[in-house]
Asks: 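Before anything else, here's the structure in question.
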Amino acid sequence: GDEPVHLFQLWFMPEQDGLAPSYEQKDFSYIEKNKLVPIISNKVQEGVMHLSADVTLFLADMDAGSEQAYRPGVGRGVFLYVQQGRSEEH
């Protein structure tokens, strides 16, 4: 088609070898504003896509000036991707 495509693709190491490649897609345009919402995880949760990797991805649609606290577990990392606007770490 003639419609532009906006795609953000990430790859993660699987929790075990030999798994067949797979993908899912879902519309998350309905998410609650100013809140971290899990969208992909290896933990089974209703409405959350499954990933066979030790990862949880969150999506947030934040208003300017709003704040969101997040504390990763011990030994966990954080990757923050800001699509529009800016973020400050405290």
Side-chain angles (χ1 to χ4, degrees):
D2 296 331
E3 298 287 324
V5 174
H6 301 279
L7 176 70
F8 186 72
Q9 187 175 44
L10 298 169
W11 291 76
F12 300 98
M13 296 299 293
E15 292 176 308
Q16 63 186 31
D17 292 337
L19 296 175
S22 65
Y23 76 94
E24 290 183 60
Q25 59 186 37
K26 188 172 181 174
D27 178 14
F28 289 102
S29 62
Y30 63 86
I31 68 163
E32 184 178 342
K33 289 192 67 84
N34 303 315
K35 180 179 178 183
L36 286 175
V37 177
I39 60 168
I40 303 171
S41 182
N42 66 339
K43 298 166 183 61
V44 177
Q45 300 174 40
E46 186 176 338
V48 177
M49 294 184 292
H50 183 260
L51 178 70
S52 295
D54 189 14
V55 172
T56 299
L57 295 178
F58 296 87
L59 179 65
D61 183 7
M62 306 295 289
D63 289 324
S66 62
E67 294 185 8
Q68 177 64 59
Y70 179 77
R71 293 194 189 281
V74 174
R76 305 297 295 184
V78 174
F79 169 78
L80 178 65
Y81 174 78
V82 178
Q83 183 175 345
Q84 183 177 5
R86 64 186 180 92
S87 174
E88 294 179 16
E89 182 181 343
H90 299 280

Asks: Are Met13 and Leu19 linked, directly or through intermediate hydrophobic residues, by side-chain heavy-atom contacts shorter than 4.5 Å (ILVMFWY only)?
Replies: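 Shared cluster, no.
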
Asks: Taking all non-hydrogen atoms of both residues, which atom of Ser87 and which atom of Leu80 are closest, and how far apart?
Replies: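 Of all heavy-atom pairs spanning Ser87 and Leu80, the closest is OG-CD2, 3.4 Å.
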
Asks: If Ile, Leu, Val, Met, Phe, Trp and Tyr residues are connected whenever their side-chain heavy atoms lie under 4.5 Å apart, and connections chain through other members, are Ile39 and Met62 in the same group?
Replies: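 No, Ile39 does not connect to Met62 through the hydrophobic network.
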
Asks: Do Ile40 and Tyr81 land in one hydrophobic cluster if side-chain heavy atoms of ILVMFWY residues count as linked below 4.5 Å?
Replies: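 Result: yes, single cluster for both.
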
Asks: Under a single-linkage definition using a 4.5 Å side-chain heavy-atom cutoff for Ile, Leu, Val, Met, Phe, Trp and Tyr, are Leu59 and Val48 assigned to the same hydrophobic cluster?
Replies: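 Different clusters.
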
Asks: Any side-chain hydrogen bond (donor to acceptor under 3.5 Å, both in side chains) pairs touching residues 65-75, not counting sequence neighbours?
Replies: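 Listed once each, the pairs are Asn34-Ser66.
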
Asks: For residues Met49 and Phe12: do they belong to one hydrophobic cluster (side chain heavy atoms under 4.5 Å, members Ile, Leu, Val, Met, Phe, Trp, Tyr)?
Replies: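 Yes, Met49 connects to Phe12 through the hydrophobic network.
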
Asks: Which heavy-atom pair separates Thr56 from Lys43 by the least distance, and what is that distance?
Replies: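 Here Thr56 and Lys43 meet closest at OG1-NZ, 4.3 Å.
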
Asks: Is there side-chain contact between Phe28 and Val37, with heavy atoms separated by less than 4.5 Å?
Replies: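 They are not in side-chain contact.
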
Asks: So, the side chain of Lys26 versus the backbone of Gly47: is there a donor-acceptor pair under 3.5 Å, distance only?
Replies: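 Looks like yes, one N/O pair under 3.5 Å.
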
Asks: So Asp54 and Arg76, do their side chains get closer than 4.5 Å, heavy atoms only?
Replies: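 Side-chain contact under 4.5 Å: yes.
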
Asks: Please report the closest heavy-atom contact between Ala60 and Leu36, naming both atoms and the distance.
Replies: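 Nearest heavy atoms, Ala60 then Leu36: CB-CD2, 3.9 Å.
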
Asks: Is any side-chain heavy atom of Leu51 closer than 4.5 Å to a side-chain heavy atom of Leu57?
Replies: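 Leu51 does not reach Leu57 side chain to side chain.
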
Asks: State the CG-CD distance between Asp61 and Glu32, to the nearest 0.5 angstrom.
Replies: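 If we round to the nearest 0.5 Å, Asp61:CG and Glu32:CD are 11.0 Å apart.
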
Asks: Ring pair (Phe, Tyr, Trp, His ring centres under 6.0 Å) with Tyr30: which residues, sequence neighbours excluded?
Replies: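 For Tyr30 there are no ring pair (Phe, Tyr, Trp, His ring centres under 6.0 Å) partners, ignoring immediate neighbours.
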
